[in-house]
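Some notes on the structure that comes next.
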Amino acid sequence: DKIKNKMSNKEKNLTKSEKIVLNKLNVKAALILQVEEIFSEAKIPMDISLLYDMTEEDLLGLIENWAPENVEARRNNLKK
């Protein structure tokens, strides 16, 4: 709780542009974690460092293409 409160106090002192940058970094970090999880579960080897150079749009594309439910749907469409 103490760490959380300290972070909150620090965040309160950020400028508007700093808050925007922080939010974008948090969004990108969440997308990277999601891609890492998808690839790890699918046992697809990947140099994770490449993800850090990708745009949010590219990361979303990877998630959309490789999410298990989407892969399964494509497989089912091929069988038809």
Side-chain angles (χ1 to χ4, degrees):
D1 264 350
K2 289 181 181 179
I3 293 172
K4 197 177 211 181
N5 288 337
K6 286 182 183 179
M7 291 301 288
S8 296
N9 289 337
K10 287 181 181 180
E11 287 177 1
K12 288 177 188 174
N13 294 329
L14 294 175
T15 66
K16 185 176 181 177
S17 59
E18 288 171 330
K19 287 178 184 177
I20 290 170
V21 169
L22 181 61
N23 185 49
K24 286 184 178 191
L25 288 172
N26 287 338
V27 168
K28 187 167 182 178
L31 292 173
I32 289 170
L33 288 173
Q34 195 171 350
V35 171
E36 286 179 2
E37 183 180 322
I38 288 169
F39 278 59
S40 175
E41 287 177 4
K43 295 183 173 60
I44 300 170
M46 178 175 200
D47 180 356
I48 299 302
S49 66
L50 296 174
L51 299 177
Y52 295 94
D53 292 329
M54 298 177 85
T55 65
E56 287 180 24
E57 186 176 308
D58 291 336
L59 291 167
L60 285 167
L62 281 175
I63 292 166
E64 185 176 313
N65 286 315
W66 288 99
E69 61 274 11
N70 296 339
V71 171
E72 185 66 29
R74 282 196 301 279
R75 283 187 186 138
N76 290 336
N77 285 338
L78 289 174
K79 292 178 184 177
K80 290 180 182 180

Residues, nucleotides or ligands: over 12 heavy atoms within 6.0 Å of Arg74 CZ: yes
Write out all pairs satisfying ring-ring contact (aromatic ring centres under 6.0 Å, His included) with one or both partners inside residues 14-37, taking only residues at least two apart or from two chains. none
Apart from Trp66 itself, its cluster of hydrophobic side chains linked below 4.5 Å comprises Val27, Leu31, Ile32, Val35, Ile38, Phe39, Ile44, Met46, Ile48, Leu51, Tyr52, Met54, Leu59, Leu60, Leu62, Ile63, Val71
Quick one: CD on Glu36 to CD on Glu41, what's the gap to the nearest 0.5 Å? 12.0 Å
Look up atom CG in Asp47 and atom CG in Asp53, then write down how far apart they are to the nearest 0.5 Å. 9.5 Å
List, by chain and then residue number, the residues other than Ile20 in its hydrophobic cluster (Ile/Leu/Val/Met/Phe/Trp/Tyr, side-chain heavy atoms under 4.5 Å); write none if there are no others. none
Could you give the distance from CD (Glu72) to CG (Asn77), rounded to the nearest 0.5 Å? 10.5 Å
Heavy-atom count around Lys19 NZ within 6.0 Å, excluding the residue itself: above 12? yes
Here the pair of heavy atoms bringing Lys24 nearest to Glu56 is O-OE2, 3.7 Å
